[in-house]
Protein chains: 2
Amino acid sequence: MTDSIEKGAAKKGGKRQRLVAAAASVLHERGVERTTIADIARAADVPVGNVYYYFKTKDELVEAALDRHAEYLDALTARLDELADPRERLKSLVADWVGARQVAARYGCPTGTLAVELDKRDEGGLDLAAGLVIRRLLDWVERQYREMGADEPDGRALALVGAYQGMSLLSSALRDPEIMTREGARLVREIDALA
Amino acid sequence: MTDSIEKGAAKKGGKRQRLVAAAASVLHERGVERTTIADIARAADVPVGNVYYYFKTKDELVEAALDRHAEYLDALTARLDELADPRERLKSLVADWVGARQVAARYGCPTGTLAVELDKRDEGGLDLAAGLVIRRLLDWVERQYREMGADEPDGRALALVGAYQGMSLLSSALRDPEIMTREGARLVREIDALA
DNA sequence: GTCTATAGTATGATAGAC
DNA sequence: GTCTATCATACTATAGAC
């Protein structure tokens, strides 16, 4: 009995989780507006009509996918926080960006491209959601610069995260992962150059 | 008779031109996928069904809008080319970006956000079109750095245009035009700092 | 050359069987 | 709790009247 309940729970959680994972990747690859519920259901191997048992609207799926990207970001910064030197944390962050260059060169930054699409809305309450996730990253980067004793930590955070969004956009627009490598190397040099 | 022909031509040209102008601004504000033919027709004050006399498909309208952004860019660089000093040309380019900060903070860079949307396609031949326009800007910027005798002119062009795309994305995601001002000032300082 | 009416299709969402 | 069948709607595109 316990087994069947756990199995049921696991299955439910499993399906919901599969849907969220599928939403995160399909929405990233195809974009919000081009992606249909059917696309996500297929990728998650869930019957189309059944999706609405877990998510009442398409926007709820978009929100869940965004939350998932936010969780990934939190996990990443938590891992970086274990490094003693804030400078090393920032350089590891850049290394992470460069490591994802193949995906970036094809589909851009998941959160950044989502922000571009959601920004074009002016209703639904989801129009600013991606911006909040980016803001979390900005704040974390700013803390690192502050801990390093750098001047204008917020301006430097803008420059670093902005460079990431810019190089992701350029590398996907030009379909060239090398842009991530080159720009990443430049960012590392700049971090190293800080007194 | 000449009058009526000219009037006819002017009216046709006028309508087509109105459609292109409307497409450029509406596609920028609402995005490609969320924009309907009816949206563009309404903005251009042209009857909905009549659009197809001028453009066979929606994608042709998107292409025309992109071409218009490219023309704007060409006109801008041609104007900047009249300045004697390549350093002044780059600083004027940045000033132009900052001058458009209100639009950028709401809808991002027209070409950049178009690139993000078109990148999510993998058919239709329009998926790389926005990238080509960005490439034109990159090449122009690279020429300026080369003329200044700077090392790695292509890397510097990537950094400058990337910074522009990044700050546009951040400023629209966070709905903060001041980001354009701050980052613009930083870019000008960097250009000035070049030996 | 201009515009209306409408066909054809795809999608988000729901009702209800199992 | 799961899934199928289907509705309602919105959109692209076309046929054809004027």
It should be established whether [X] places a side-chain nitrogen or oxygen under 4.0 Å from OP1 or OP2 of nucleotide [N].
X     : N      : result
A:Y54 : D:dT2  : yes
B:Y52 : D:dT14 : no
A:Y53 : D:dG1  : yes

To the nearest angstrom, how far is [X] atom [atom1] from [N] atom [atom2]?
X     : N      : atom1 : atom2 : value
A:D39 : C:dA13 : CG    : P     : 14 Å
B:D45 : C:dT2  : CG    : P     : 14 Å
A:R42 : C:dG12 : CZ    : P     : 12 Å
B:K15 : C:dT2  : NZ    : P     : 5 Å
B:D59 : D:dC11 : CG    : P     : 17 Å
B:F55 : C:dC3  : CZ    : C1'   : 17 Å
B:R18 : C:dT2  : CZ    : C1'   : 13 Å
B:I40 : D:dA13 : CD1   : C1'   : 14 Å

Would you call B:D59-B:R121 a salt bridge at under 4.0 Å N-O? yes

Side-chain heavy-atom pair B:H28, B:V103 within 4.5 angstrom cut-off: yes

Using side-chain heavy atoms (C-beta onward) and a distance below 4.5 Å, is A:D151 in contact with A:Y145? no

Select one nucleotide: of [options], the one nearest the side-chain heavy atoms of [X].
X     : options               : result
A:N50 : C:dG12, D:dT2, D:dT12 : D:dT2
A:P47 : D:dT12, D:dT4, C:dG12 : D:dT4
B:K58 : D:dC11, D:dT4, D:dA13 : D:dA13

Is it true that A:S171 and A:D176 share a donor-acceptor pair across their side chains at a distance under 3.5 Å? no

Cluster check B:Y107, A:L114: I/L/V/M/F/W/Y, side chain < 4.5 angstrom: no

Name the residue closer to the 5' end of DNA chain C, choosing between A:G49 and A:R34 according to the nucleotide with the nearest heavy atom. A:R34

